[in-house]
Every structure is written in structure tokens, then in C-alpha cells.
Amino acid sequence: MDSTTSDPAPRAPLGPAADTGLKIVVVGGFGVGKTTLVRSVSEIRPLNTEEVLTQAGVGVDDLSGAAGKNTTTVAFDFGRITLDARLVLYVFGAPGQKRFWFLWERLFGGTLGAVVLVDTRRLADSWYAIDRLEHHGTPFVVAVNRFAEAVPHGLADVREALSLSADVPMLDCDARERASATSVLIGLVNHLYDLSTARETT
């Protein structure tokens, strides 16, 4: 997968009927495409806190499997997407490098659900995100961002490798494509709805 992305979504004002905002967080390892996903889906100009990687990170940041990447998120990304006349998603992208993981606890505050974005070349980088979400009791879906250079492992194989239970939805995506990235967020919303409905019936 190269670094090109689809054109930014057109800027749009928030409709007067929108009265339900959901905060979700996109988490995962370094270089899995979190910033790209937020940029792809946001209907407003996304807030990015990307900085150029410097020599100071040599020996600290693990760049294996992320050849050509020269920037990194140092705080968070933020975007917004309106799903319908009343439902709006506020999307936060968490930093992926280990030295910024302390920020995740703050980002999780008020979060209804999360997307764990996965690169099959670096599956081990997903463990911390899954552990933290399970610790907080935050519902999540796992989205496999398909990089051209990666071996095309099936979703069942990824589920087994990550020891995910059967009730965690898994999705394929291309974070560069708006329709694909948006479908991941819709998948998360549907998962949250199903969980809410299940609680009401019990």
C-alpha cells in the first residue's frame, strides 16, 4: 500500500437535527494507517498532530515493516463523520508509538467503542491495544488494513493469531478509501447497537 489517499471529503456544516454524538477511537500499532483512516472518513478538515521522524527516535521507534514512513502522530488525530440526520461520529486516532501510549488512557474517556487497525506484517503490535480495550471494557472491532506488500492472511487466521473471541467483529479495509474506511465505522456502530439491544433483552 502506498501513501496516497483519496481526496479529502468536502467540508460540511453540522446539521441542526444532529443530536447524538458518539466518540470512537482508532487504535493500533505504529504505521498501521490510523491517520490515513481518520483523514479518509472526515467530512471536515481533520486535525492531525503529525511530526517528522528525526534521528532522536533512532533506537527508540521500531520502524520495521513500515518502510518509507517519515512522519508520526505525537498526540492524536481528530475527524467527524455524519452517519445520518441525527447521528454523528467523532473519530479520534491514537498515536501508535509505544512512547505515546500513556495518552491512550485519556483518549479512552467517554469512548463508546473502538477500531483496532491491524497490519498483518506486525500483528504483535496489536496486542497492547486489545489488552487496553478489554481492560476498560470498551467494545471494539478489528479491521485488517490490507497493504499490498503483506501476505494476504484470511480473517480467520488473523482472529486465531490474536486469540480473539468469536463475538469480536473482524473486517477487511483499505484505510485510503473513504467507502472502505466508512464501512469499518458503520460496522462498529452496528456492533454497539447489537450489544445495546442484547443488554436490553436480558
Side-chain angles (χ1 to χ4, degrees), residues 5 8-30 32-50 72-97 100-118 125-126 128-145 164 167-171 173 175 177-200:
T5 61
R11 185 184 297 268
L14 193 60
D19 59 5
T20 304
L22 302 177
K23 176 184 176 183
I24 66 173
V25 176
V26 182
V27 294
F30 173 68
V32 297
K34 300 180 297 297
T35 297
T36 299
L37 187 145
V38 173
R39 186 180 295 134
S40 294
V41 301
S42 184
E43 64 194 16
I44 60 174
R45 185 183 299 278
L47 169 66
N48 298 128
T49 58
E50 283 195 299
T72 186
T73 298
V74 297
F76 61 85
D77 305 308
F78 172 76
R80 188 191 77 201
I81 178 173
T82 302
L83 293 184
D84 58 33
R86 303 186 65 178
L87 183 61
V88 178
L89 294 183
Y90 297 106
V91 186
F92 290 80
Q97 291 166 277
F100 298 125
W101 283 353
F102 70 93
L103 295 170
W104 288 21
E105 303 299 317
R106 301 243 176 193
L107 286 176
F108 286 166
T111 298
L112 292 183
V115 173
V116 179
L117 200 58
V118 169
D125 291 356
S126 308
Y128 182 78
I130 293 170
D131 177 74
R132 289 292 84 199
L133 292 169
E134 291 178 342
H135 173 77
H136 285 275
T138 303
F140 63 94
V141 300
V142 172
V144 178
N145 194 14
L164 292 174
D167 59 347
V168 176
M170 292 201 64
L171 306 158
C173 82
E177 299 295 332
R178 186 174 304 127
S180 181
T182 300
S183 70
V184 171
L185 302 186
I186 293 173
L188 173 60
V189 171
N190 289 337
H191 181 49
L192 295 174
Y193 177 79
D194 290 342
L195 291 175
S196 176
T197 300
R199 284 194 294 268
E200 290 175 0

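Predicted, not measured: the structure shown is a model, and the values here were computed from it.
T182 contributes a side-chain N or O that, together with a main-chain N or O of R178, makes up a donor-acceptor pair within less than 3.5 Å. Between the side chain of S196 and the backbone N or O of L192 there is no donor-acceptor pair closer than 3.5 Å. Looking only at distances, no side-chain donor or acceptor of K34 sits under 3.5 Å from a matching main-chain atom of F92. At least one donor-acceptor pair closer than 3.5 Å links the side chain of S40 to the backbone N or O of A175.
Distance check: L185 CG to N190 CG gives 11.0 Å after rounding to the nearest 0.5 Å. One distance of note links CG of N145 with OG of S180; it measures 8.0 Å at 0.5 Å rounding. For the atom pair CZ of R199 and CG of D194, the computed distance is 11.0 Å after rounding to the nearest 0.5 Å. Rounding to the nearest 0.5 Å places CD1 of I44 at 5.0 Å from CZ of F78. Atom OG1 of residue T111 and atom NZ of residue K23 lie 4.0 Å apart, to the nearest 0.5 angstrom.
Summarising the geometry of P139 relative to L112, their closest heavy-atom pair is CD-O, 3.4 Å, with the distance given to 0.1 Å. The two residues L171 and G187 make their nearest non-hydrogen contact at CD1-CA, 4.4 Å. Residues A143 and V184 share a closest heavy-atom pair of CB-CG1, 3.8 Å. Shown here for A181 and V41, the closest heavy-atom pair between the two residues is CB-CG1, 3.4 Å.
Inter-residue side-chain proximity for R39 and D77 is flagged as unmet; no heavy-atom pair is nearer than 4.5 Å. Put simply, the side chain of V189 does not reach to within 4.5 Å of the side chain of I24, judged on heavy atoms. With contacts defined as side-chain heavy-atom distances shorter than 4.5 Å, the pair L164/F140 qualifies. Counting heavy atoms from C-beta outward, D125 and V32 have side chains that stay 4.5 Å or more apart.
Checked against side-chain hydrogen bond (donor to acceptor under 3.5 Å, both in side chains), D167 has the following partners two or more places apart in sequence or in another chain: S165.
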